[in-house]
Amino acid sequence: MSALHLTLASASPRRRDLLARLGIEPDAIAPADIDETPQAGERPRDYALRMGREKALAIEASGYVLTGDTVVAAGRRILPKTETEDEARRCLELLSGRRHDVLTSVVLRAPDGMLRERLNANIVRFKSLSPREIDAYIAGGEWHGKAGGYAIQGMAEALIQWMRGSHSGVMGLPLYETRALLKSAGLALD
Ligand SMILES: Cc1cn([C@H]2C[C@H](O)[C@@H](COP(=O)(O)OP(=O)(O)OP(=O)(O)O)O2)c(=O)[nH]c1=O
């Protein structure tokens with residue numbers, strides 16, 4: 001892969017670690033700085049794909065560029081990457097005892113500029129969360145900057161009754177779809 005030169009357009013250490021599970025070490029890591037405001041009425045899956053595309057196009061790099069975007073949605077409502085305790089609490093109260101969607105796009109920009117994309121769709125169901133459970137989770141701080149106010153790779157998984165999809169997808173880089181995308185571009189992954 002290194003002869004092909006791959007840039008991971010992401011600030012997320014999780015995406016780097018998940019990519020390593022495919023045996024891929026990017027040649028460069030370049031976080032994409034884009035406006036992440038959803039458009040009025042934008043569907044969550046369209047938003048996840050648009051964000052992935054915009055990240056892929058935002059950075060200057062020769063070679064291949066790989067990136068993705070993770071969106072947590074309750075119905076058509078896109079939840080924020082929570083920056084305050086109040087915001088995280090509101091998200092957890094909303095997610096408590098019901099299922100929600102976690103949509104992760106993966107986008108590959110080829111050296112000729114062509115974009116390939118995949119969408120990984122997951123359904124996650126939290127148990128009914130008691131006020132004490134929400135307080136404890138908020139106190140742990142893992143919600144900070146996370147879409148929907150939680151991170152499955154931490155304590156939150158103990159509050160998740162079930163999920164359908166892939167753990168790597170909810171974390172930010174679905175291994176199945178990423179491998180398929182890289183293979184469809186003719187990149188060898190053995
Ligand atoms: C639902 C969920 C979200 N998240 C987080 C990761 C991100 O902070 C956020 C999704 O935002 P993203 O924009 O997809 O990723 P990012 O901001 O970490 O990095 P970059 O844009 O540079 O690639 O949600 C988890 O870590 N685990 C989870 O289980």
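For this chain, numbers begin at 1 and follow the sequence in order. Only this structure's heavy atoms are used, side chains among them; waters, hydrogens and symmetry mates stay out. All ligand and atom numbering here is 1-based and tracks the order in the structure.
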Answer yes when Arg53 and Asp69 have at least one side-chain N-carboxylate O distance shorter than 4.0 Å, and no when they do not.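 No, no charged N to carboxylate O under 4.0 Å.
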Short N-O contact, Lys127 and Glu133, less than 4.0 angstrom: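 Salt bridge between Lys127 and Glu133, a charged N being under 4.0 Å from a carboxylate O: yes.
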Kindly write out the residues that satisfy salt bridge (Lys or Arg N to Asp or Glu O under 4.0 Å) with Lys81, not counting sequence neighbours, or none if the list is empty.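 Only Glu36 meet the salt bridge (Lys or Arg N to Asp or Glu O under 4.0 Å) criterion with Lys81.
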N/O to N/O under 3.5 Å, ligand 1 against protein:
residue, atom, partner, partner atom, Å
ligand 1, 8 (O), Gly145, O, 3.0
ligand 1, 11 (O), Lys81, NZ, 3.2
ligand 1, 13 (O), Lys55, NZ, 3.0
ligand 1, 13 (O), Asp69, OD1, 3.1
ligand 1, 13 (O), Lys81, NZ, 2.6
ligand 1, 14 (O), Arg15, NH1, 3.4
ligand 1, 14 (O), Arg15, NH2, 2.8
ligand 1, 14 (O), Thr70, N, 2.8
ligand 1, 15 (O), Arg15, NH1, 3.0
ligand 1, 17 (O), Lys81, NZ, 2.8
ligand 1, 18 (O), Arg14, NH2, 3.2
ligand 1, 21 (O), Lys55, NZ, 2.6
ligand 1, 22 (O), Ala11, N, 2.6
ligand 1, 23 (O), Ser10, OG, 2.6
ligand 1, 23 (O), Arg15, NH1, 2.6
ligand 1, 24 (O), Ala147, N, 2.9
ligand 1, 26 (O), Arg14, NE, 3.2
ligand 1, 26 (O), Gln153, NE2, 2.8
ligand 1, 27 (N), Gln153, OE1, 2.9
ligand 1, 29 (O), Ile152, N, 2.6

Not counting sequence neighbours, which residues clear side chain to side chain contact (heavy atoms under 4.5 Å, CB included) with Asp112? List them please.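 Listed in chain order: Ala110, Met114.
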State which residues pass side-chain hydrogen bond (donor to acceptor under 3.5 Å, both in side chains) with Thr67; sequence neighbours excluded, sorted by chain then number.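 Thr67 satisfies side-chain hydrogen bond (donor to acceptor under 3.5 Å, both in side chains) with no other residue.
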Neighbour count above 12 (heavy atom, 6.0 Å) for Arg125 CZ: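 Correct, the count exceeds 12.
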